[in-house]
Amino acid sequence: MIKYSLITGSAGLLGRQHATALLELNYNIVITDIDKAGLEKTFIYLKKLHPTKKIIKSLMDVSSSNSIKKNIKNLRKKKIIINNLINNAAIDSKVSKKNKKKNNKFENFDLNIWNKEIKVGLTGAMLCSKIVGSDMVKNKIKGNIVNIASDLSVISPNQNIYKYKNNKFTKPVTYSVIKHGIVGLTKYLSTYWAQSNIKVNSLSPGSVLNNQPKEFQKRIKKLIPMNRLANSNEYKGAIKFLCCDDSSYMTGQNLVIDGGRSVW
Ligand SMILES: NC(=O)c1ccc[n+]([C@@H]2O[C@H](COP(=O)([O-])OP(=O)(O)OC[C@H]3O[C@@H](n4cnc5c(N)ncnc54)[C@H](O)[C@@H]3O)[C@@H](O)[C@H]2O)c1
């Protein structure tokens, strides 16, 4: 069987970087997302960078067992098995015109939003781990699961950084619950599969620079000892480390890379 690494939510800002990191290790990759156009763009971007590498793109909804199973079945037809799984997909409630109105205040928090975000960010990671991880174990594959959490997996959001001018956005409770849950899932699976040759760790990025409003940047920088947001390529080294033998004795850990924010 041919080994590939699979990244969920590959069409987004960090998914593309995780994919690049694994290609730099000479790994074969499967990029997946629900965003067809975004996935195509990412595929073209990666192929330009690494024209000779094996890259497969596939639509996959992490919140659907059927979608994940279908993907694994299709890969198996090509004699492909996944040995690195990056659970990266999530819904991030950003400050947008749409949710400015809703503002996400806990007192009014909409149960539909709770269910929708948890279904992707937390249940999605559990389902992918269950289906892909079980397949690794069944086939005695040495593998890695990397769950993408956040600095908000270890600290509470500072709501003051979202409130300026007319913005009344509140970082939603779902984000904290999902990211703390991701760390719980990581610890659980790390011991569950510790003797099955599967390492399970999480990576917790701090806020990544992505055209955020200047006022937001000014406020968040004050909370970060390094006084800057992360660049999107500053997690590639960690992904490589967690997906190779350099981390052979590391499992169940949450690697926090946040410019020092969570220790201040
Ligand atoms: N960007 C940051 O500042 C930051 C900081 C800390 C943690 N993170 C975490 O890193 C990960 C990636 O973040 P990002 O900034 O690249 O986000 P992003 O919004 O750019 O990308 C997320 C991707 O997930 C996909 N997605 C949404 N629902 C899906 C589903 N049901 N199935 C499959 N894919 C689905 C989206 O289409 C999108 O391409 C997330 O888990 C996020 O919480 C990001």
Side-chain angles (χ1 to χ4, degrees), residues 6-21 30-43 45 57-68 70-71 85-96 99 113 115-128 131-132 145-155 157 161-162 171-172 174-183 185-186 202-213 216-217 220-221 223-224 228-236 238-239 254-259 261-262:
L6 186 147
I7 304 123
T8 70
S10 304
L13 177 71
L14 290 180
R16 171 184 283 214
Q17 297 293 334
H18 305 330
T20 308
V30 185
I31 55 169
T32 67
D33 206 292
I34 48 166
D35 173 2
K36 196 175 176 192
L39 196 61
E40 184 61 36
K41 254 192 194 168
T42 303
F43 181 76
Y45 167 87
K57 63 172 164 29
S58 190
L59 287 172
M60 184 173 102
D61 179 353
V62 298
S63 66
S64 155
S65 285
N66 283 344
S67 173
I68 306 164
K70 202 174 116 194
N71 265 278
L85 166 68
I86 316 288
N87 282 317
N88 170 73
I91 297 174
D92 187 13
S93 306
K94 295 205 167 82
V95 187
S96 66
N99 61 24
I113 297 181
N115 288 334
K116 187 176 151 205
E117 293 184 356
I118 291 202
K119 197 172 171 193
V120 176
L122 190 53
T123 311
M126 184 279 288
L127 289 176
C128 289
I131 296 163
V132 180
I145 298 177
V146 180
N147 295 318
I148 307 300
S150 158
D151 52 359
L152 298 185
S153 74
V154 291
I155 56 171
I161 62 176
Y162 306 101
K171 190 75 179 175
T174 34
Y175 199 82
S176 288
V177 171
I178 289 165
K179 296 310 185 184
H180 279 73
I182 284 286
V183 173
L185 177 70
T186 301
S202 50
L203 168 62
S204 282
S207 207
V208 179
L209 196 57
N210 187 24
N211 288 321
Q212 290 93 338
F216 171 81
Q217 289 190 35
I220 198 167
K221 276 185 199 173
L223 303 177
I224 303 170
R228 66 174 180 87
L229 283 83
N231 295 312
S232 60
N233 63 2
E234 289 186 295
Y235 296 99
K236 279 166 49 184
I239 290 289
N254 182 20
L255 190 52
V256 183
I257 303 183
D258 64 351
R261 177 174 173 190
S262 58

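Numbers here are sequence positions counted from 1. Small disclaimer: the values here were computed from a predicted structure and weren't measured. Note that ligands are numbered from 1 as they come in the structure, with each ligand's atoms numbered from 1 the same way.
- Numbered from 1 in the order shown, with element, the atoms of ligand 1 that lie under 4.0 Å from a heavy atom of Asp61 read 30 (C), 31 (N), 32 (N).
- In this structure a side-chain-to-backbone donor-acceptor pair under 3.5 Å is missing from Ser204 to Asp151.
- In the candidate list Asp33, Ile182, Thr8, Asp33 is nearest to atom 36 (C) of ligand 1, counting heavy atoms.
- In this structure the side chain of Val120 never reaches within 4.5 angstrom of the side chain of Thr8, judged on heavy atoms.
- No side-chain heavy atom of Asn115 sits less than 4.5 Å from a side-chain heavy atom of Ile113.
- Residue-to-ligand polar distances keep Ala89 apart from ligand 1: every N/O pair is separated by 3.5 Å or more.
- Residue-to-ligand polar distances keep Ser207 apart from ligand 1: every N/O pair is separated by 3.5 Å or more.
- Those atoms of ligand 1 that come under 4.0 Å of a heavy atom in Asp35, given as number and element, are 37 (O).
- Here is the list of ligand 1 atoms found below 4.0 Å of a heavy atom in Ala90: 22 (C), 24 (O), 27 (C), 40 (C), 41 (O), 43 (O).
- Here's the thing with Val120: none of its N/O atoms is less than 3.5 angstrom from an N/O atom of ligand 1.
- Here Asp92 pairs with Lys171 in a salt bridge; the nearest charged N to carboxylate O distance falls below 4.0 Å.
- Heavy-atom contacts of Met60 reach the following atoms of ligand 1: 32 (N), 33 (C) (cutoff under 4.0 Å).
- Using a 4.5 Å heavy-atom threshold, the side chains of Ile224 and Asp258 count as separate.
- Proximity to Asn88 (heavy-atom distance under 4.0 Å) selects the following atoms of ligand 1: 10 (O), 11 (C), 12 (C), 40 (C), 41 (O).
- Annotation: side chain of Val146 is not in contact with side chain of Asn87 (no heavy-atom distance under 4.5 Å).
- For ligand 1, the polar-atom distance check against Ile91 finds no nitrogen or oxygen pair separated by under 3.5 Å.
- Counting only heavy atoms from C-beta outward, the side chains of Asn254 and Ser153 approach each other to under 4.5 Å.
- Gly206 counts as a contact of ligand 1, since one of its heavy atoms falls under 4.0 Å from the ligand.
- Each of the atoms 7 (C), 8 (N), 9 (C) of ligand 1 lies under 4.0 Å from some heavy atom of Ala149.
- The two residues Ile68 and Leu127 come nearest to each other via the heavy atoms CD1-CB, 3.7 Å.
- Checked by atom type and distance alone, the side chain of Tyr45 never pairs as donor or acceptor with a backbone atom of Glu40 at under 3.5 Å.
- Look at Arg16 and you'll find every heavy atom at least 4.0 Å from all atoms of ligand 1.
- Counting heavy atoms from C-beta on, the side chains of Leu152 and Ile155 come closer than 4.5 Å.
- Checking Ser58 against Asn71 by side-chain atom types alone, a donor-acceptor pair falls below 3.5 Å.
- Residue Ile34 holds the heavy atom nearest to atom 28 (N) of ligand 1 of all those in Ile34, Asn210, Leu14.
- Heavy-atom contacts of Lys179 reach the following atoms of ligand 1: 40 (C), 41 (O), 42 (C), 43 (O) (cutoff under 4.0 Å).
- Crowding of Lys236 atom NZ: a count of heavy atoms from other residues, nucleotides or ligands under 6.0 Å exceeding 12.
- At under 3.5 Å, not a single nitrogen or oxygen of Ser150, backbone or side chain, sits near a nitrogen or oxygen of ligand 1.
- Inclusion of Pro205 in the set of residues having an N or O under 3.5 Å from an N or O of ligand 1 is not warranted.
- Heavy-atom proximity to Ile148, at under 4.0 Å, picks out these atoms of ligand 1: 9 (C), 10 (O), 11 (C), 41 (O).
- Among the atoms of Tyr175, some N or O lies under 3.5 angstrom from an N or O of ligand 1.
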